[in-house]
Engineer: 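Quick one: the structure is below, and I'll ask about it shortly.
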Amino acid sequence: MIIGLDIGYGTTKLIDSNGRVCSFKSIVGVGEPQKINLLGGEEKGYIRVVKVGGNTYTVGEDAEKYNLPIVDVKQRNSIESLAFKALVLAAIGDSVNFAPDLKIITGLPVKFHDDASILIKSINDVVSAEVGVVPQPAGSFFDLFLDNKGNVAWHELNNSRVGIIDIGTYTTDILLVDSLNIVEALSGTITVGLHRLTSSIINACKTQGIRQSLTHAEAERTFESGTVKKYGKEIDISSIVQAQKDNITKDIWSYVNSMWGKDERIDYIVLTGGGASVLCDSFPKFKTAELTITSNAFMANVYGFYKLGRRIYEHAS
């Protein structure tokens with residue numbers, strides 16, 4: 001079985017060759033929740049609970065829902081931790097039940113790609129598989145370059161110079177690919193992502209006296225609604241949201257421009273990641289080369305990992 005696996009700081013995603021697609025928040029809680037249903041009986045709904053190293057973990061949104069102690073998985077060395085392995089097992093577990101012969105393609109942030117051997121060992125500690133690791137934004141490149149069977153779909157990219165901007169929850173990766181080769185000197189990672197955007201919206205609302213205790217989840221919902229609720233009434237903060245989107249985009253573009261600003265050979269700039277759809281309306285103000293936004297930016301990396309896996313392991317022509 002071929003698996004595309006994307007364990008991001010914000011969300012974990014998986015696609016396998018049986019058609020299974022899953023995604024959940026990259027949150028790990030210690031222990032298993034005690035569920036009490038006010039109407040009696042079992043509480044409905046699937047909760048991801050896994051055991052790693054003799055410890056029990058609840059993975060995904062339920063770890064926060066049931067107020068379990070949360071383990072930080074956002075540090076560089078977290079890929080060696082039991083909590084990270086819990087994310088791996090929670091994602092892959094159901095796929096193992098269908099087929100034990102696993103081939104996994106996954107990714108690491110650009111600046112941490114040297115940790116590939118550590119990541120492979122960490123995955124193999126919880127599941128037996130052949131693992132390939134690429135820079136995370138390369139997933140979005142392969143999502144555009146290959147079809148679902150791993151065959152080349154966009155032949156022009158064979159000889160193109162492509163810049164990829166992958167906006168995640170906590171970081172933004174940029175990757176420059178020239179004729180299928182990574183230009184490492186013009187690739188990197190910055191700690192700017194959607195979490196900074198929600199934080200800035202929260203701070204703006206507090207400073208302007210709109211809401212004193214806005215949560216990150218509520219701030220996320222303003223990306224589309226442009227409103228927050230206070231004492232049962234919706235308050236329009238669309239101007240605040242747009243201003244903060246523009247500010248975050250400027251920060252990202254400033255970094256991109258410092259790396260690619262003088263490179264007039266770039267044919268395409270690809271905007272991807274969970275932040276692509278949120279910030280795309282701000283990026284055209286700054287674009288240089290032709291801007292391409294992946295059709296399903298949130299899942300583009302993991303789809304690309306899966307497509308690359310099919311090309312590598314099934315020897316697609």
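Owing to the predicted nature of the structure, the values given are computational and were not obtained by experimental measurement. Basis for what follows: all heavy atoms, side chains included, without hydrogens, waters or symmetry-related copies.
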Engineer: So, the side chain of S160 versus the backbone of V162: is there a donor-acceptor pair under 3.5 Å, distance only?
Structural biologist: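 No, the answer is negative, given that no donor and acceptor are paired below the 3.5 Å cut-off.
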
Engineer: Is T249 reaching over with its side chain to a backbone N or O of K245, donor-acceptor style, under 3.5 angstrom?
Structural biologist: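 At least one qualifying donor-acceptor pair exists.
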
Engineer: Please name the pair of heavy atoms, one in P135 and one in L175, separated by the smallest distance, quoted to 0.1 Å.
Structural biologist: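 Answer, listing the atom of P135 first, then L175: CB-CD1, 4.2 Å.
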
Engineer: For S225, is there any backbone N or O sitting under 3.5 Å from a side-chain donor or acceptor partner on T222?
Structural biologist: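 The answer is no, because no donor-acceptor pair under 3.5 Å joins these two groups.
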
Engineer: Is there a path of hydrophobic side-chain contacts, each under 4.5 Å between heavy atoms, that joins L180 and I312?
Structural biologist: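 Yes; I312 is reachable from L180 via cluster members.
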
Engineer: One pair to check against side chain to side chain contact (heavy atoms under 4.5 Å, CB included): S23 and T12. What are the steps and the verdict?
Structural biologist: CA-CA 5 Å; S23 69; T12 294; over 6 Å; no

Engineer: Are the side chain of N203 and the backbone N or O of S199 linked by a donor-acceptor pair below 3.5 Å?
Structural biologist: yes

Engineer: With a 4.0 Å cut-off on N to O distance, would you call R161 and D267 a salt bridge?
Structural biologist: no

Engineer: Could you measure the distance from the CG atom of D16 to the SG atom of C22? Nearest 0.5 Å is fine.
Structural biologist: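 The SG atom of C22 is 8.5 Å from CG of D16, to the nearest 0.5 Å.
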
Engineer: Any side-chain heavy atom of R196 within less than 4.5 Å of one from I248?
Structural biologist: yes

Engineer: Does the side chain of D246 pick up a donor-acceptor pair with the side chain of S282 at under 3.5 Å?
Structural biologist: yes

Engineer: Are side-chain N/O atoms of T169 and H195 paired as donor and acceptor at under 3.5 Å?
Structural biologist: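 No, H195 and T169 have no side-chain donor paired with an acceptor closer than 3.5 Å.
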
Engineer: Mind listing the closest non-hydrogen atom pair of L197 and F223 along with its distance?
Structural biologist: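 Result for this residue pair: CD2-CE2, 3.5 Å.
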
Engineer: State yes or no: are the ring centers of Y268 and W154 separated by less than 6.0 Å?
Structural biologist: yes

Engineer: How far apart are the closest heavy atoms of L5 and T106, and which atoms are they?
Structural biologist: O-OG1, 2.6 Å

Engineer: When clusters are formed by joining ILVMFWY residues with side-chain heavy atoms under 4.5 Å apart, either directly or through shared neighbours, do I27 and L194 land in the same one?
Structural biologist: no

Engineer: Answer yes or no: is there a donor N or O on one side and an acceptor on the other, between the side chain of T198 and the main chain of E220, under 3.5 Å?
Structural biologist: no

Engineer: Can a salt bridge be assigned to the pair R265 and D178 using a cut-off of 4.0 Å between side-chain N and carboxylate O?
Structural biologist: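 No, R265 and D178 are not salt-bridged.
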
Engineer: Taking side chain as C-beta onward, heavy atoms only, is L68 less than 4.5 Å from V28?
Structural biologist: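 No, their side chains stay 4.5 Å or more apart.
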
Engineer: Do the charged groups of K103 and E130 touch, with an N to O distance under 4.0 Å?
Structural biologist: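 Salt bridge between K103 and E130, a charged N being under 4.0 Å from a carboxylate O: yes.
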
Engineer: How long is the span from the CG atom in N151 to the CZ atom in F145, to the nearest 0.5 Å?
Structural biologist: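 If we round to the nearest 0.5 Å, N151:CG and F145:CZ are 10.5 Å apart.
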
Engineer: Heavy-atom count check: over 12 atoms from other residues, nucleotides or ligands less than 6.0 Å from E224 CD?
Structural biologist: no

Engineer: How close do A300 and T294 get, heavy atom to heavy atom, and via which atoms?
Structural biologist: CB-OG1, 3.8 Å

Engineer: Is the backbone of A204 close enough, under 3.5 Å, to the side chain of T207 for a donor and an acceptor to pair up by distance?
Structural biologist: no

Engineer: When rounded to the nearest 0.5 angstrom, what distance separates OG1 in T189 from CG in D173?
Structural biologist: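 Output value for this atom pair is 3.5 Å.
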
Engineer: Take S238 and D236, measure what side chain to side chain donor-acceptor pair (under 3.5 Å) needs, and give me the verdict at the end.
Structural biologist: CA-CA 6 Å; S238 56; D236 184 358; 2.8 Å; yes

Engineer: Nearest 0.5 Å please: distance from the CD1 atom of I269 over to the CG atom of L176.
Structural biologist: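 Output value for this atom pair is 9.5 Å.
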
Engineer: Under the 3.5 angstrom rule, does the side chain of T172 hit a backbone N or O of V192 as a donor-acceptor pair?
Structural biologist: yes

Engineer: For V131 and N124, what are the C-alpha separation, side-chain angles and deciding distance, and is it a side chain to side chain contact (heavy atoms under 4.5 Å, CB included)?
Structural biologist: CA-CA 8 Å; V131 182; N124 282 326; 4.2 Å; yes

Engineer: Are any non-hydrogen side-chain atoms of L102 and I92 less than 4.5 angstrom apart?
Structural biologist: yes

Engineer: Can you establish whether the number of heavy atoms outside D72 located under 6.0 Å from its atom CG is more than 12?
Structural biologist: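 It does: D72 CG has more than 12 such atoms within range.
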
Engineer: With clusters defined by side-chain heavy atoms of hydrophobic residues (ILVMFWY) lying less than 4.5 Å apart, directly or transitively, does I70 cluster with I47?
Structural biologist: no

Engineer: Determine the minimum heavy-atom distance between W260 and L186, stating which atoms define it.
Structural biologist: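 The pair with the smallest heavy-atom distance is NE1-O, 2.8 Å.
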
Engineer: Can you list the steps and then say if V183 with V177 is a side chain to side chain contact (heavy atoms under 4.5 Å, CB included)?
Structural biologist: CA-CA 6 Å; V183 183; V177 179; over 6 Å; no

Engineer: Do L87 and V59 have side chains that approach each other closer than 4.5 Å (heavy atoms only, starting at C-beta)?
Structural biologist: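 A side-chain contact exists here, since the closest heavy-atom pair is under 4.5 Å.
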
Engineer: List the steps, then state whether side chain to side chain contact (heavy atoms under 4.5 Å, CB included) holds for D6 with L14.
Structural biologist: CA-CA 6 Å; D6 183 9; L14 176 141; over 6 Å; no

Engineer: Do E61 and K65 sit within salt-bridge range, that is, some charged N less than 4.0 Å from a carboxylate O?
Structural biologist: no

Engineer: Is any side-chain heavy atom of T272 closer than 4.5 Å to one of P137?
Structural biologist: no

Engineer: Does the side chain of N301 come under 3.5 Å of the side chain of D143 through a donor N or O and an acceptor N or O?
Structural biologist: no

Engineer: Check whether any side-chain heavy atom of Y9 lies under 4.5 Å from a side-chain heavy atom of S26, and answer yes or no.
Structural biologist: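 Answer no - side chains too far apart.
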
Engineer: Just by distance, do the side chain of S78 and the backbone of V73 share a donor-acceptor pair under 3.5 Å?
Structural biologist: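 Confirmed, S78 side chain pairs with V73 backbone.
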
Engineer: Using every non-hydrogen atom in the two residues, find where H113 and V133 come nearest and quote the distance to one decimal.
Structural biologist: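 What the structure gives for the nearest pair is NE2-O, 3.4 Å.
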
Engineer: Roughly how far apart are R311 CZ and I2 CD1, rounded to 0.5 Å?
Structural biologist: 12.5 Å

Engineer: Are any of the side-chain nitrogens in K307 or D147 under 4.0 Å away from the carboxylate oxygens of its partner?
Structural biologist: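 Salt bridge flag = no for D147 with K307.
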
Engineer: Just by distance, do the side chain of K229 and the backbone of I235 share a donor-acceptor pair under 3.5 Å?
Structural biologist: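 Not confirmed, K229 side chain does not pair with I235 backbone.
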
Engineer: Quick one: are S277 and F298 in side-chain contact, heavy atoms under 4.5 Å?
Structural biologist: no

Engineer: Is there a side-chain contact between R20 and I15 in this structure, where contact means two heavy atoms from C-beta onward sitting under 4.5 Å apart?
Structural biologist: no

Engineer: Rounded at 0.5 Å granularity, tell me how far CE in M259 sits from CD1 in I165.
Structural biologist: 11.5 Å

Engineer: Could you check whether R211 pairs with E218 (Lys NZ or Arg NE/NH1/NH2 to Asp/Glu carboxylate O, under 4.0 Å)?
Structural biologist: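 Yes, R211 and E218 are salt-bridged.
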
